[in-house]
Amino acid sequence: MQYDFNRIEAKWQLYWAKNQTFKAENSSDKEKFYVLDMFPYPSGAGLHVGHPLGYIASDIYARYKRHRGFNVLHPQGYDSFGLPAEQYAIQTGQHPAITTEANIKRYREQLDKIGFSFDWSREVRTSDPKYYKWTQWIFIQLFNSWYNKGSDKAEDITGLIALFEKEGNSKVNAVCDEDTEVFSAEEWKRFSAGRQQEILLKYRLTYLAESEVNWCPALGTVLANDEIVNGVSERGGHPVIRKKMTQWSMRISAYAQRLLDGLEKIDWPQPLKDSQTNWIGRSEGASVTFKVLDSEQAFAVFTTRPDTIFGASFMTLAPEHELVPLITTSERKAAVEAYIETTAKRSERDRMADVKTITGVFTGAYAEHPFTKEPIPIWIGDYVLAGYGTGAVMSVPCGDQRDYDFARHFNIPIPNIFDGVDISEEAFADKEKTVITNSGFLNGLPYKKAVQRVIAELEKIGQGKGKVNYRLRDAVFSRQRYWGEPFPVYYDADGMPRMINEKYLPIELPEVEKYLPTETGEPPLGNATHWAWDIERSAVVSNDLIDHKTVFPLELNTMPGWAGSSQYFNRYMDPHNETEIFSREAIDYWQDVDLYIGGSEHATGHLLYSRFWQKFMYDRGWVPKDEYAKKLINQGMITGTSAFVYREEGSGKVISKGLITDKRVTPIHADVSFVNASDELDVDAFKKWQPEYKDAEFVLEDGKYVVGREIEKMSKSKYNVVNPDEICEQYGADSLRLYEMFLGPLEQSKPWNTAGITGVHGFLKKLWRLYHSGPNGEFYVEGASPSKGSVEDLSAESLKTLHKTIKKVEEDIENFSFNTSVATFMICVNELTAQKCKSRTILEPLAVLVAPYAPHISEELWEKLGHSESIATASWPTFNPEYLVESTKEYPISFNGKKRFTLELPADMDKEAIETAVMAHEKTQEQLQGRTPKKVIVVPGRIVNIVG
RNA sequence: GCCUUGGUGGCGGAAUUGGUAGACGCGCUGGAUUCAAAAUCCAGUUCUUUCGGGAGUGUGGGUUCGAUUCCCACCCAAGGUACCA
């Protein structure tokens with residue numbers, strides 16, 4: 001009987017769906033195990049072979065855990081708000097909800113074909129109002145919370161208001177805006193309601209603030225860094241400037257230290273932890289206030305090297321620093337303004353990356369040195385970023401290379417404050433060996449003592465203090481987009497934001513005519529005509545009714561992509577609950593995620609924000625764990641082989657790869673589906689696909705157009721995607737699953753090449769044949785079965801093969817080394833085939849071992865073995881080491897570390913006996929050629945090495 | 001620039017604590033079967049060689065009886081870098 005994978009796979013997929021085989025219950029005698037995948041964004045291109053990589057791995061793990069007797073929660077859903085659907089809507093006018101729905105349908109079909117053991121009854125979609133109701137709910141809770149540094153957690157804002165009423169804010173130990181003024185209880189009570197709200201905003205965990213954005217005036221919209229190429233918009237090539245905008249922010253900085261500390265108790269990959277650690281960027285130092293000479297102004301800098309304060313020969317402010325226009329002298333004004341304008345065009349990343357070009361301008365103003373009272377020139381330079389620290393730097397050229405280069409470039413003096421150190425060529429940044437000189441009261445002190453001393457002196461004169469600084473900035477939470485969660489926010493008569501009462505959630509996304517920003521530059525929701533909040537009717541009403549008395553305008557921004565993904569893992573525990581985000585029982589049972597698999601590209605986005613929300617939820621008592629995922633694995637990405645055609649600069653001719661020689665060409669992506677295995681392009685298909693090349697001249701070599709090839713991340717935008725559907729069709733889902741695992745280690749990136757799939761497919765056929773040794777390839781196994789009894793011929797060899805496979809596969813799954821277990825299965829089947837094994841005692845456990853990897857074929861074989869229940873209910877075979885005991889060991893005999901021959905010796909032979917046996921061997925004498933070895937290393941069970 | 005990861009045959013990769021480098025699969029070569037093909041099976045396949053052997057895990061150095069594995073320096077590629085998700 002043939003291995004008819006198409007029939008078998010369809011049969012079992014239907015069976016699993018009908019019987020709800022993988023539905024998880026919220027209570028069980030079994031121990032719980034929660035396996036989570038990062039849910040996909042349903043793009044129009046459909047699923048490509050890179051997506052399922054992590055899903056297959058987690059599915060294997062989830063299935064394995066079921067065999068080991070756990071109650072497994074393995075849900076899936078869609079991160080269905082996002083930019084591509086909106087972009088498509090702008091281009092076609094099609095509502096994003098419609099395209100998203102269609103894309104989800106396609107994703108689901110594709111996912112179903114691969115045979116995942118998801119509990120689909122728990123599916124969530126972030127763009128579903130039933131889901132985003134709870135995203136809005138969390139936003140309100142954040143708004144109604146402040147961070148109490150005393151208790152080191154988030155608390156209800158009513159507690160803060162009570163404190164203000166009792167004692168003002170001077171003794172309140174809270175995380176708040178830097179510019180928060182001090183007031184007494186009496187003053188608080190006298191403030192207007194609007195004023196009070198304004199002050200509370202400085203404490204709330206989500207608040208309105210000015211933040212910088214990439215503004216593209218031509219497109220009238222804010223762009224992601226991703227959408228900007230070489231300083232201009234990717235679409236259309238328009239200029240982009242950085243501009244300040246009032247937006248919602250999340251006070252994630254309040255959690256900086258806890259986010260750092262929490263990393264120690266979770267089993268996440270070290271590189272990912274490093275990423276988060278660097279992102280949070282804790283540094284210890286001091287905050288120092290400098291007065292501006294001949295002015296009322298002063299500014300603060302943060303420095304990790306306050307000990308070098310006597311070496312400061314200039315100050316550098318970020319060009320965007322608020323003080324710049326206030327202190328610039330009239331004769332420097334033109335130069336400063338010109339410089340600011342140039343900087344506004346550069347992206348932050350550009351400014352950070354570019355260390356070679358040194359630019360800056362002198363403002364004409366001077367700061368006063370807090371101790372020497374000497375004037376210090378104040379410069380601006382774009383290597384200082386406004387958003388980092390205070391946006392101002394105390395420049396000490398002798399101790400910092402960037403300051404050194406800047407000083408050299410502008411001929412600013414470089415005073416040396418390090419004893420016996422030559423700074424004529426470069427700055428000296430070594431803290432450990434530092435002894436300070438030319439520094440008044442710091443002379444002769446080493447680094448640590450100097451830091452302590454200078455901080456004490458600064459505190460004495462009220463111009464500084466020791467400080468821990470974090471690089472982590474508060475997260476901007478507004479997006480000027482349509483396809484995202486609307487805020488449950490309206491603006492009152494004072495223009496202050498107000499939350500809509502929880503019981504009226506969700507506030508649903510309004511319909512708009514077009515998805516672009518309005519002509520006045522408002523976000524797309526500004527196009528909605530029905531987008532006002534009536535506080536009497538508690539309903540969204542027409543904008544015409546806005547009177548700022550009972551009907552108010554609603555927020556026009558929407559939430560960012562990460563809003564919906566920051567708590568979805570908890571919502572899966574109780575996804576249909578309409579009265580709570582999840583029930584107490586559900587969260588108490590499932591607790592947290594035991595295994596989370598997803599890409600490392602989310603390290604400092606989703607994976608940091610979700611930890612922040614979880615800690616907030618924990619503080620407010622809604623979840624029992626302050627870290628939501630015990631273990632996390634990063635799957636590597638799959639790279640594809642992109643194809644390029646080459647357009648000659650100037651002529652516009654498209655030149656075959658071999659004819660480029662020294663011509664100047666621009667490589668352009670060609671869809672890989674137009675290219676055959678010999679790298680020849682179907683020119684007509686290409687022209688049809690990209691009409692702008694319809695009339696272009698294609699210069700051929702030997703009558704063919706040959707493309708260039710390059711390995712890149714597999715992505716729709718690079719036109720190098722390979723779809724899993726065809727592989728499922730041609731080889732089956734089990735082959736696809738095995739092949740994706742067989743490609744290489746889960747965590748590494750690896751190329752996709754379908755050529756090798758015949759290998760794993762051949763293995764499945766061989767596995768099938770092992771159970772079909774009867775006449776005409778009928779199913780046949782020997783041994784007692786539930787239905788009929790027969791005698792089996794069980795060999796010690798087969799038992800050994802089986803048990804070494806059990807051992808290896810078990811270790812592999814526990815270590816997430818799925819590629820090596822596929823190889824192990826192949827060896828096992830090759831050996832059993834050679835042994836002509838037909839024994840049920842071997843073949844039954846083998847089916848269970850294979851089941852997590854290739855579930856369809858295993859189900860079919862399991863059924864044929866006479867079982868009436870799904871193989872998912874079978875328990876994992878038990879490894880018995882007795883079958884693996886060896887009586888001899890083949891020793892490699894090395895001379896000076898190089899193996900020359902091997903020698904079989906009894907496994908239990910001791911060190912001395914091994915040495916004697918080896919030295920007596922003729923080949924040893926042959927190798928030595930009469931020399932006496934200096935030393936003989938014998939490691940019993942491992943190796944013999946003869947030196948000399 | 002900074003942070004992170006990786007570099008082993010023609011290709012994907014294996015080598016779990018420093019102990020037989022190249023498991024397993026693809027591809028290729030030869031053979032069996034076949035009218036032929038597909039499928040299947042068998043044998044071989046790191047390079048080099050005067051057939052004794054010699055060299056070999058990005059490059060250069062180091063530690064060690066022994067290094068793909070540990071240390072130092074460098075080269076190359078990929079990912080991230082705060083509004084792609």
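In what follows, every heavy atom counts, from backbone to side chain, and hydrogens, waters and symmetry copies are set aside. Throughout, protein chains are lettered first and strands after them, A, B, ... in sequence-line order, and every chain is numbered starting at 1.
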- [ ] Compare the minimum distances between each of B/rA14, B/rG54, B/rG25 and the side chain of A/Asn830, then state the nucleotide with the smallest one.
- [x] B/rG25
Open item on the list: Classify A/Lys766 by what it touches in the nucleic acid, base, sugar-phosphate, or nothing, heavy-atom distance under 4.0 Å.
Closed with: sugar-phosphate
Open item on the list: Please pick, from B/rG25, B/rU20, B/rG13, the nucleotide with the shortest atom-to-atom distance to any side-chain atom of A/Lys750.
Closed with: B/rG13
Open item on the list: By nearest atom, which of the nucleotides B/rG19, B/rG25, B/rU20 is closest to the A/Met826 side chain?
Closed with: B/rG25
Open item on the list: Categorize A/Pro40 for me: base, sugar-phosphate, or nothing, with a 4.0 angstrom heavy-atom threshold over every strand shown.
Closed with: nothing
Open item on the list: Parallel, tilted or perpendicular, judged at 30° and 60°: which one describes the rings of A/His606 and A/Tyr596?
Closed with: perpendicular
TODO: Tell me whether the OP1 or OP2 atom of B/rC2 has a side-chain N or O from A/Arg471 closer than 4.0 Å.
DONE: no
TODO: Select base, sugar-phosphate, or nothing to describe what A/Asn945 touches, counting heavy atoms under 4.0 Å on all strands.
DONE: base
Task: Touch class at under 4.0 angstrom, heavy-atom based, for A/Leu472 against every strand present - done: base
- [ ] With the side chain of A/Leu743 defined as its heavy atoms from C-beta on, choose the nearest nucleotide among B/rG19, B/rG12, B/rC24.
- [x] B/rG12
Task: Residue-phosphate contact under 4.0 Å: A/Asn278 side-chain N/O, B/rC2 OP1/OP2 - done: no
- [ ] Just compare B/rU4, B/rC65, B/rC24 and give me whichever is closest to any side-chain atom of A/Val947.
- [x] B/rC65
Open item on the list: Any base atoms under 4.0 Å from A/Glu747, or only sugar-phosphate, or nothing? Heavy atoms, all strands.
Closed with: nothing
TODO: In whole angstrom, give me the gap between the P atoms of B/rA85 and B/rC74.
DONE: 38 Å
TODO: Under 4.0 Å between any heavy atoms, over every strand shown, what does A/Trp279 touch: base, sugar-phosphate, or nothing? Just pick one.
DONE: base
TODO: Measure the distance from CZ on A/Arg900 to P on B/rG52 and round it to the nearest whole Å.
DONE: 15 Å
TODO: Please measure how far the P atom in B/rA32 lies from the corresponding atom in B/rA38, and state the result in whole Å.
DONE: 15 Å
Open item on the list: Measuring only the C1' atom in each nucleotide, how far is B/rG22 from B/rU68? A whole number of Å is fine.
Closed with: 11 Å
TODO: Could you please name the option among B/rG13, B/rG19, B/rC83 that lies closest to any side-chain atom of A/Arg942?
DONE: B/rG19
Open item on the list: In whole Å, measure the gap between the C1' atoms of B/rC71 and B/rU63 for me.
Closed with: 7 Å
Open item on the list: Tell me the interatomic distance from A/Lys273, atom NZ, to B/rG80, atom P, rounded to whole angstroms.
Closed with: 23 Å
- [ ] Check every strand shown and say whether A/Gln247 touches a base, only sugar-phosphate, or nothing at a heavy-atom separation below 4.0 Å.
- [x] base
Task: Touch class at under 4.0 angstrom, heavy-atom based, for A/Gln270 against every strand present - done: nothing
Open item on the list: Any base atoms under 4.0 Å from A/Arg402, or only sugar-phosphate, or nothing? Heavy atoms, all strands.
Closed with: nothing
TODO: Under 4.0 Å between any heavy atoms, over every strand shown, what does A/Met38 touch: base, sugar-phosphate, or nothing? Just pick one.
DONE: nothing
Task: Per A/Gln748 side chain, nearest of listed nucleotides B/rU4, B/rG6, B/rU16 - done: B/rG6
- [ ] Report the nucleotide, chosen from B/rC26, B/rC83, B/rU16, that has the shortest atom-to-atom distance to any side-chain atom of A/Thr758.
- [x] B/rC26
- [ ] Determine which nucleotide pairs with B/rU29, using a 3.5 Å limit on both distances of a Watson-Crick or G-U wobble pair.
- [x] B/rA43
Open item on the list: So A/Phe742, base contact, sugar-phosphate only, or nothing? Heavy-atom distance under 4.0 Å.
Closed with: base
- [ ] For A/His606, answer base if it contacts any base atom (sugar-phosphate contacts may also be present), sugar-phosphate if it contacts only those atoms, and nothing otherwise; contact means non-hydrogen atoms under 4.0 Å.
- [x] nothing
Task: salt bridge (Lys or Arg N to Asp or Glu O under 4.0 Å) partner of A/Glu212, the single match among A/Arg242, A/Lys244, A/Arg473 - done: A/Arg242
Open item on the list: What verdict does the salt bridge (Lys or Arg N to Asp or Glu O under 4.0 Å) test give for A/Lys911 and A/Glu915, after you've listed the backbone C-alpha separation in whole Å, the side-chain angles of each residue and the deciding distance to 0.1 Å?
Closed with: CA-CA 6 Å; A/Lys911 219 169 162 176; A/Glu915 184 170 340; over 6 Å; no
Open item on the list: Can you see if the side chain of A/Lys765 gets near the phosphate of B/rU40 - specifically, an N or O under 4.0 Å from OP1 or OP2?
Closed with: yes
Open item on the list: Any base atoms under 4.0 Å from A/Val936, or only sugar-phosphate, or nothing? Heavy atoms, all strands.
Closed with: nothing
TODO: Scan A/Ser275 against the nucleic acid and name what it touches under 4.0 Å (heavy atoms): base, sugar-phosphate only, or nothing.
DONE: nothing
Task: Integer angstrom distance from the P of B/rG25 to that of B/rA15 - done: 16 Å
Open item on the list: With a 4.0 Å cutoff (strictly under), does any side-chain N or O of A/Arg481 reach OP1 or OP2 of B/rA85?
Closed with: no
- [ ] Please tell me which of A/Gly561 and A/Lys808 maps to the more 5' nucleotide of RNA chain B, matching each residue to the nucleotide holding its nearest heavy atom.
- [x] A/Lys808
- [ ] Please determine if a side-chain N or O atom of A/Arg473 lies less than 4.0 Å away from the OP1 or OP2 oxygen of B/rA82.
- [x] no
Open item on the list: Is it the case that the ring center of A/Trp752 lies less than 6.0 angstrom away from the ring center of A/Tyr739?
Closed with: yes
TODO: Determine the Euclidean distance between corresponding C1' atoms of B/rG54 and B/rG58; express it in Å to zero decimal places.
DONE: 22 Å
TODO: Take atom C1' in B/rG62 and the same atom in B/rC2, then report the distance between them in whole Å.
DONE: 29 Å
- [ ] Looking only at side-chain atoms of A/Tyr41, point me to the closest of B/rA85, B/rC65, B/rC83.
- [x] B/rA85
TODO: Looking only at side-chain atoms of A/Pro751, point me to the closest of B/rU4, B/rG13, B/rU20.
DONE: B/rG13
Task: For atom CD of A/Glu831 and atom C1' of B/rA23, their distance in whole Å - done: 12 Å
Task: Interatomic distance at P, B/rU20 relative to B/rC83, whole Å - done: 50 Å
